[in-house]
Amino acid sequence: MNNMKAQRGLTLTSFLVVLIVVGFFLYVGMKLFPMYQENYAVRSAMKSLAKEPGIGTMQPANIQSLLFKRLYINYSDNVKPANVKFDRKNNGWTLRVNYEVRRPLIGNLDVVGKFDASQDLTRSGVE
């Protein structure tokens with residue numbers, strides 16, 4: 001009897017519960033990771049645009065074209081031209097990208113990510 005009291009560990013049922021919980025969080029992580037990876041690509045593309053010399057003097061259509069070329073390279077599919085806005089600043093533009101990503105999770109439940117990023121584009125290219 002003393003040997004039975006000294007033994008410790010998970011029962012098969014406890015192990016299965018832990019495995020299900022860990023599996024669920026891994027599944028949710030697999031759904032969320034591509035959304036945040038795309039957001040990182042959008043922010044990186046915007047920062048690289050800000051480093052372009054003379055970007056603040058370009059027309060918004062040209063800047064938008066350069067942005068979407070960078071996003072095409074990074075396989076960003078969720079950002080559409082309607083999500084890109086330009087505001088005039090005294091020394092250039094402020095680029096704002098506001099978009100939403102919706103991924104199915106389980107059945108009729110979806111994971112929704114709303115992303116909003118802005119970047120100043122100055123005449124010299126760097127502020």
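Scanning for side-chain hydrogen bond (donor to acceptor under 3.5 Å, both in side chains) contacts around R96 gives D116, with sequence neighbours left out. Contacts of T13 classified as side-chain hydrogen bond (donor to acceptor under 3.5 Å, both in side chains), with partners at least two apart in sequence or in another chain: none. Contacts of S48 classified as side-chain hydrogen bond (donor to acceptor under 3.5 Å, both in side chains), with partners at least two apart in sequence or in another chain: R70.
Within the 4.5 Å cutoff, no side-chain heavy atoms of L121 are placed close to those of T94. Taking the side chain as every heavy atom from C-beta outward, L66 and I55 approach each other to under 4.5 Å. Between M46 and V42 there is a side-chain heavy-atom pair separated by less than 4.5 Å. Looking only at side-chain heavy atoms (C-beta outward), F86 and Q64 come within less than 4.5 Å of each other. Between V111 and M35, some side-chain heavy-atom pair lies under the 4.5 Å cut-off. The shortest side-chain heavy-atom distance between L105 and Y27 falls under the 4.5 Å cut-off.
Residue Y99 is not grouped with residue Y72 when hydrophobic side chains (ILVMFWY) are merged at heavy-atom distances under 4.5 angstrom, including chains of intermediate members. Residues M30 and L32 fall within the same hydrophobic cluster, defined by Ile, Leu, Val, Met, Phe, Trp and Tyr side chains chained together at heavy-atom separations under 4.5 Å. V18 and L26 fall within the same hydrophobic cluster, where Ile, Leu, Val, Met, Phe, Trp and Tyr residues are linked whenever their side-chain heavy atoms come under 4.5 Å apart, directly or through other members.
Taking all atoms of both residues into account, the shortest heavy-atom contact from L71 to A41 is CD2-O, 4.2 Å. Looking at every heavy atom in both residues, L67 comes nearest to V97 through CD2-CG2, 4.2 Å. Nearest heavy-atom pair, V79 versus F68, reported as atom, atom and distance to 0.1 Å: O-CE2, 3.3 Å. When all heavy atoms are compared, the tightest approach of L10 to S14 is CD2-CB, 3.8 Å. Closest approach of I63 and W93 over heavy atoms only: CD1-CD1, 3.8 Å. Of all the heavy atoms in V101 and E38, the pair that sits closest is CG2-OE1, 4.1 Å.
In this structure, CD on Q37 lies 11.0 Å from CG on N39, to the nearest 0.5 angstrom. Once rounded to the nearest 0.5 Å, the distance linking CG of N83 with CD of E100 reads 9.5 Å. Of the inter-residue distances, the one linking S118 atom OG with R43 atom CZ reads 8.0 Å to the nearest 0.5 angstrom. Residue K31 holds its NZ atom at 9.5 Å from CG of D110, rounded to the nearest 0.5 Å.
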